[in-house]
Amino acid sequence: MAKVAIVTGSGGGLGKGIAYRLGKDGFNIVLNDINQELVDSTLEEFKKDGLNVIAVTGDVSKREDQFNLVEQAVEAFGQLDVFVNNAGIDVVTPFMDVDEDQLNKAFSINVNGTVFGTQAAAKQFIKQQSKGKVINACSIAGHESYEMLSTYSATKHAVRSFTQSAAKELAADNIRVNAYCPGVAGTAMWDRIDAEMVKYYDHMQPGDAFKEFTDGILLGRSQEPEDVANLVSFLASDQSDYITGQAIITDGGIVLR
Ligand code: NAP
């Protein structure tokens, strides 16, 4: 029977690239996004490409949506093997201006969402008594803290911490919990970061922030969704069975650990 993978926030961006790759690896795919229109168009695209796929709209910051997502996946495909907590948002603001709404929203999606997704997935893995894999979206900002990205960096450090604690608690249940830490990929998220940075720095033109962050990359280019999908594919496969509790950087050489 084909294995089943859920990827949250997979209507577009890195999540879409990850879901596509896992589909090509042979997984039955469950797409999820808060953006119904986007996820529906990705669903049609994947179906045309011959992938076995369903889509479930939901908000990862809502615990019941995450448990519903797992329920729908199991109803459609009979089991769950991999849960990718990919959905996440950015916050670009000078530290002194960060407000309550920004903090609450970023933590509720990036951190609470990851916790609830991991709980929902682990409950199902334990019920199935099968090996399970949770794979979380961290970031280079989960290893290094950036100016203008203080809230975002804090959420990603929290994701790395939860990845480690969950790996410790769930290992006895045959569940691995790891994270992927991308660098700078030109998705909608970076369009937003670039646009916000330009507002705060007078000397910057549109595109400058993205250029500044990508100029120093050792391997000489920004990141493509496929680069991230290569790592997630490995973490979802049996090849990574002896790895748990890790937050692995894939950034072309920005943050060296
Ligand atoms: P993206 O282009 O903004 O895509 C994220 C997707 O998640 C969007 O379709 C978004 O829908 C959806 N989403 C937002 N809030 C959601 C919620 N509450 N529930 C369900 N879905 C939700 O972002 P990305 O660049 O692909 O990033 C994906 C992950 O990688 C994030 O966790 C991010 O922090 C991490 N990451 C990205 C980069 C990078 O350079 N791009 C680097 C390091 C880490 P809407 O369009 O409606 O908001």
Side-chain angles (χ1 to χ4, degrees), residues 6-21 30-43 45 55-66 68-69 83-92 104-117 120 135-146 149 151-160 162-163 179-197 209-214 217 221-229 231-232 247-252 254-255:
I6 294 174
V7 185
T8 66
S10 50
L14 300 182
K16 180 179 176 183
I18 290 164
Y20 185 78
R21 171 61 188 271
V30 181
L31 298 169
N32 153 270
D33 209 284
I34 200 165
N35 184 334
Q36 172 130 30
E37 207 178 308
L38 192 66
V39 79
D40 283 348
S41 85
T42 299
L43 175 71
E45 209 181 298
V56 181
T57 311
D59 178 347
V60 296
S61 70
K62 303 220 166 355
R63 195 171 189 271
E64 62 179 280
D65 282 15
Q66 294 282 52
N68 174 58
L69 176 58
F83 192 108
V84 185
N85 280 305
N86 170 76
I89 60 161
D90 53 281
V91 182
V92 188
N104 287 341
K105 189 171 179 204
F107 273 88
S108 81
I109 295 174
N110 296 4
V111 182
N112 302 13
T114 300
V115 173
F116 299 149
I135 306 171
N136 297 329
C138 187
S139 169
I140 50 172
H143 288 268
E144 186 79 51
S145 302
Y146 292 94
L149 293 167
T151 303
Y152 181 74
S153 301
T155 65
K156 293 300 180 179
H157 275 70
V159 168
R160 184 154 67 94
F162 271 113
T163 299
Y180 53 100
C181 305
V184 182
T187 61
M189 174 175 286
W190 252 98
D191 292 343
R192 285 191 303 268
I193 294 175
D194 193 83
E196 287 301 314
M197 292 237 180
F210 185 72
K211 190 169 177 311
E212 205 171 281
F213 269 84
T214 50
I217 295 176
R221 65 169 176 83
S222 63
Q223 186 150 33
E224 298 297 332
E226 292 75 20
D227 299 316
V228 182
L231 173 58
V232 177
I248 300 172
I249 296 175
T250 165
D251 67 353
I254 301 174
V255 171

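Just so you know, these numbers come straight off a predicted model, no measurement behind them. Atoms within a ligand are numbered from 1 in the order they appear, just like the ligands themselves.
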Next item on the list: Check A141 against ligand 1 and report side chain, backbone, both or neither, counting heavy atoms closer than 4.0 Å.
Entry: neither
Margin query: Given L69, N86, L14, identify the one with the heavy atom nearest to atom 32 (O) of ligand 1.
Written below: N86
Note to self: Checking V39 against N32 for the side-chain contact (heavy atoms from CB on, under 4.5 Å) test, could you report, in this order, the C-alpha distance in whole Å, the side-chain angles of both residues, the deciding distance, and whether it holds?
What the structure shows: CA-CA 7 Å; V39 79; N32 153 270; 6.0 Å; no
Margin query: Are any of the N/O atoms on V60, whether in the backbone or the side chain, positioned under 3.5 angstrom from an N/O atom of ligand 1?
Written below: yes
Checklist line | Residue L38 vicinity, atoms of ligand 1 by number, heavy atom under 4.0 Å | finding: 9 (O)
Notebook entry, point to check: Roughly how far, to the nearest 0.5 Å, is the NZ atom of K156 from the SG atom of C181?
Noted result: 9.0 Å
Next item on the list: Examine the side chains of T163 and N136 and answer whether a donor and an acceptor come within less than 3.5 Å of each other.
Entry: yes
Next item on the list: Any chance you could measure D40, atom CG, to N35, atom CG, to the nearest 0.5 Å?
Entry: 9.0 Å
Notebook entry, point to check: Which residue supplies the protein heavy atom nearest to atom 25 (O) of ligand 1, what is that atom called, and how far is it?
Noted result: T187 OG1, 2.5 Å
Next item on the list: Could you tell me whether atom 48 (O) of ligand 1 has a protein heavy atom closer than 4.0 Å?
Entry: no
Checklist line | Shortest protein contact, atom 34 (O) of ligand 1 (heavy atom only) | finding: Y152 OH, 2.6 Å
Notebook entry, point to check: Going by heavy atoms, is K156 under 4.0 Å from ligand 1?
Noted result: yes
Checklist line | Contact atoms of ligand 1, heavy-atom distance to G58 under 4.0 Å | finding: 19 (N), 20 (C)
Checklist line | Shortest protein contact, atom 23 (O) of ligand 1 (heavy atom only) | finding: M189 CB, 3.7 Å
Checklist line | Point-to-point distance, once rounded to the nearest 0.5 Å, from CZ of F116 to OG of S61 | finding: 8.0 Å
Next item on the list: Find all atoms of ligand 1 within a distance of less than 4.0 Å from any non-hydrogen atom belonging to G88, and give their numbers and elements.
Entry: 31 (C), 32 (O)
Item checked: For atom 16 (C) of ligand 1, the protein heavy atom that lies nearest, with its residue and separation -> I34 CG2, 3.7 Å
Next item on the list: Would you mind reporting whether Y152 and M189 have side-chain heavy atoms less than 4.5 Å apart?
Entry: yes
Note to self: Would you compute the distance between atom CG of L31 and atom OG of S10 and round it to the nearest 0.5 angstrom?
What the structure shows: 4.0 Å
Next item on the list: Below 4.0 angstrom from a heavy atom of A188, which ligand 1 atoms are there? Numbered from 1 as shown, please.
Entry: 2 (O)
Margin query: How far is atom 12 (C) of ligand 1 from the closest protein heavy atom, and which atom is that?
Written below: D33 OD1, 3.3 Å
Notebook entry, point to check: Which atoms of ligand 1 are found less than 4.0 Å from any heavy atom of G183?
Noted result: 40 (O), 42 (C), 43 (C)
Checklist line | Derivation and outcome, side-chain contact (heavy atoms from CB on, under 4.5 Å), residues F210 and V184 | finding: CA-CA 8 Å; F210 185 72; V184 182; 3.5 Å; yes
Next item on the list: Using a 4.0 Å heavy-atom threshold (strictly under), name the region of N110 that reaches ligand 1: side chain, backbone, both or neither.
Entry: neither
Margin query: Under a 4.0 angstrom heavy-atom cut-off, which atoms of ligand 1 come close to S139?
Written below: 43 (C), 44 (C)
Checklist line | Distance in Å, I34 CD1 paired with I109 CD1, rounded so as to fall on 0.5 Å steps | finding: 6.0 Å
Check: How close does the nearest protein non-hydrogen atom get to atom 4 (O) of ligand 1, and which residue and atom is it?
Finding: G12 O, 4.3 Å
Checklist line | Nearest-0.5 Å distance, OG1 of residue T8 to CG of residue L69 | finding: 8.0 Å
Next item on the list: Please check if atom CZ in F162 has more than 12 non-hydrogen atoms from other residues, nucleotides or ligands closer than 6.0 Å.
Entry: no
Next item on the list: Considering only non-hydrogen protein atoms, determine which one is nearest to atom 7 (O) of ligand 1 and report residue, atom name and distance to 0.1 Å.
Entry: G9 CA, 3.4 Å
Check: Taking it one step at a time, do Y180 and V84 satisfy side-chain contact (heavy atoms from CB on, under 4.5 Å)?
Finding: CA-CA 10 Å; Y180 53 100; V84 185; 3.7 Å; yes
Check: Backbone, side chain, both or neither: what part of R192 comes under 4.0 angstrom of ligand 1, heavy atoms only?
Finding: side chain
Next item on the list: Pick out which of E45, E226, E224 makes a salt bridge (charged side-chain N to carboxylate O under 4.0 Å, His left out) with K16.
Entry: E45
Notebook entry, point to check: How far is atom 46 (O) of ligand 1 from its nearest protein heavy atom, and which residue and atom name does that atom have?
Noted result: N35 ND2, 3.8 Å
Margin query: Run I249 and E144 through side-chain contact (heavy atoms from CB on, under 4.5 Å) and show every step you take.
Written below: CA-CA 11 Å; I249 296 175; E144 186 79 51; over 6 Å; no
Item checked: Proximal candidate to atom 44 (C) of ligand 1 [heavy atom criterion; set C138, G13, A185] -> C138
Item checked: Atoms of ligand 1 close to V184 [distance to a heavy atom under 4.0 angstrom, numbered from 1] -> 40 (O)
Item checked: D59 N/O under 3.5 Å from ligand 1 N/O -> yes
